[in-house]
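Remarks on the structure that follows.
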Amino acid sequence: MIENKKYFIKTQGCQMNAYDSDKISELLAHHYNMTSTEDPVSADMLILNTCSIREKAQEKVFSELGRWKKIKESKPGTIIAVGGCVASQEGKNLKQRATCVDIIFGPQTLHRLPKMIDEVILKNMKPVDVSFPLIEKFDFLPQSTSSDVSAYVSIMEGCSKYCTFCVVPYTRGEEVSRSLDEILFEVSSLARNGVREIILLGQNVNAYKGIRNKDNRSISFSELIRYISRIDGIARIRHTTSHPIDFTDDLIEEYSNSKLCSNLHLPIQSGSDLILSKMKRKHTVLEYKNMITKVRKIRPDISITSDFIIGYPGESNTCFEETLDLIEQIGFDDGYSFIYSKRPGTPASSEPDDVTIAEKKKRLSLVQNLIRENSKKYLSKLVGTNQEVLIEGMSKTDSRNLYGRTLTNKTVSFRGDRSLIGQLVNISITKANRASLEGICEI
Ligand code: SAH
Ligand code: F3S
């Protein structure tokens, strides 16, 4: 029996996976009173929540399973479960490549884990379920009990954009939204637990189209934000990630709403119209710039961050320079940049991967240096200003310090008492470090 035993969970990849892993932990605690351990050797169940967005992530899955196979050999009966995007993509084939695996589940079937665990223990089966059953997942997950200052709430799952390079629509399924009522119920109960900040989570949160139960009307993302703003106790709302084609004027207008934070992660991938059209992103660089201009009219100091893919098939030197120009012009103050990785089954995989690896690495470092410079400039401009900071907890490096985040999502550390955790306070910024700020508490 697995009741009261220990599990070890390893999470790769994006925030959606981190969120799913939290849900798995809640599920195991709820159904089997299991507790987590940091040590895989002492665990009775090992869970790998995988990522397949780039080749490197996928390679790591099989090397990890190689190590876990040895643990299982020395401790037969250990249950090994693999979830996430590699599980979704490989399905049954994963069993052939890694015979030690007992359970294979996908991002949309993790709520069925208890049933699958019972099948392993009671029936000696090796279940595989990587289907996309619409959005029943949330009906089967225990009520979130988070009482942290900031909490993620998933509002939609999957993606229907089919960018030519990306595996997400195939591994996580098409866009499906949770109902308005379900989301408001979850946010209200988190607010009652003391949560002050909600981060709305999804592959494309701004494609949100959830049903309102009372009249079956479809609610847009901007309406959802307005509903959440009315919940007592919630001081701040953030969201990630957005797609430019769904970044509509009604959403931009929502930045007049004081609870919506001043940071926007809006992936553009490339500064070249030619590459954007090859990627099927369905917008131009100019359209993107216009969106940023509009949002900056409402929030002049907003932090704009993005994702970039370097060395997409056909990316000439000129195309790449257009990306550098865009980073300069917009002044992205942070971002993620990735070398293009050919993913099996995607439309781009049939195009010649024609930028050499040496060139890709050179371009990547140019992009990263430029973003680092922008980030430095953005942070140093904040020195000498007063910022409203939501205090999240005690610093991990200095027990006399607290840390929190500005409206623009920059981390600040300062001296203060733990009784301030969960409060909004004014901090006078005294110093900018490479990726964070230091300050003095005004009260
Ligand atoms: N939903 C988000 C992004 C999801 S994937 C969006 O709207 O774009 C996160 C990031 O991984 C992407 O923005 C992209 O920059 C990167 N990425 C996706 N597929 C990739 C690939 N094949 N090679 C390199 N980077 C990739
Ligand atoms: Fe991927 Fe494009 Fe969707 S990057 S997650 S297919 S918006």
task = Kindly say whether Tyr255 contributes a backbone atom to a donor-acceptor pair with the side chain of Arg299 at under 3.5 angstrom?
result = yes
inquiry  = If we ignore hydrogens and angles and just use 3.5 Å, is the side chain of Thr411 paired with the main-chain N or O of Ser436 as donor and acceptor?
reply    = no
key: Passing option when Ile228 is tested against Leu184, Ile155, Val153, Leu180 for side-chain contact (heavy atoms from CB on, under 4.5 Å)   = Leu184
query = How about Ser337 and Gln368: does a side-chain donor come under 3.5 Å of a side-chain acceptor?
reply = yes
ask   = Looking only at atom types and distance, does a side-chain atom of Asp148 sit under 3.5 Å from a main-chain N or O of Ser150, one as donor and one as acceptor?
value = no
query = Any donor and acceptor pair, going by atom type alone, linking the side chain of Ser21 with main-chain N or O of Thr11 inside 3.5 Å?
reply = no
query = For the side chain of Thr171 and the backbone of Cys85, is there at least one donor-acceptor N/O pair under 3.5 Å apart?
reply = no
message = Between Arg281 (side chain only) and Asp273 (backbone N and O only), is there a donor and an acceptor less than 3.5 Å apart?
response = no
ask   = Do Glu359 and Arg363 sit within salt-bridge range, that is, some charged N less than 4.0 Å from a carboxylate O?
value = yes
task = May I ask you to check whether over 12 heavy atoms, not counting those of Glu38, lie within 6.0 Å of atom CD?
result = no
message = Looking only at side-chain N and O atoms, does Arg226 offer a donor or acceptor that is under 3.5 Å from a partner on Asn257?
response = no
inquiry  = For a quick test of reading the model, state the closest non-hydrogen atom pair linking Ser131 to Gln108 and the distance between them.
reply    = O-CB, 3.8 Å
task = Applying side-chain contact (heavy atoms from CB on, under 4.5 Å) between Leu94 and each of Thr99, Val61, Val128, Leu65, report the one that passes.
result = Leu65
request  = Decide, yes or no, whether a salt bridge links Lys115 with Asp129 under the criterion of side-chain N to carboxylate O below 4.0 Å.
outcome  = no
query = Is there a donor-acceptor pair under 3.5 Å between the side chain of Asn216 and the backbone N or O of Ile211?
reply = no
key: Gln12 side chain vs Cys51 backbone, donor-acceptor pair below 3.5 Å   = yes
message = Under 4.0 Å between a side-chain nitrogen and a carboxylate oxygen: does that hold for Arg178 and Glu157?
response = no
ask   = Is it true that a side-chain atom of Tyr378 and a backbone atom of Asp301 form a donor plus acceptor pair closer than 3.5 Å?
value = yes
remark   = From the list Arg217, Lys209, Arg230, salt bridge (Lys or Arg N to Asp or Glu O under 4.0 Å) partner of Glu223 resolves to Arg217
task = Keeping the roles fixed (side chain from Asn374, backbone from Phe332), state whether a donor-acceptor pair exists under 3.5 Å.
result = yes
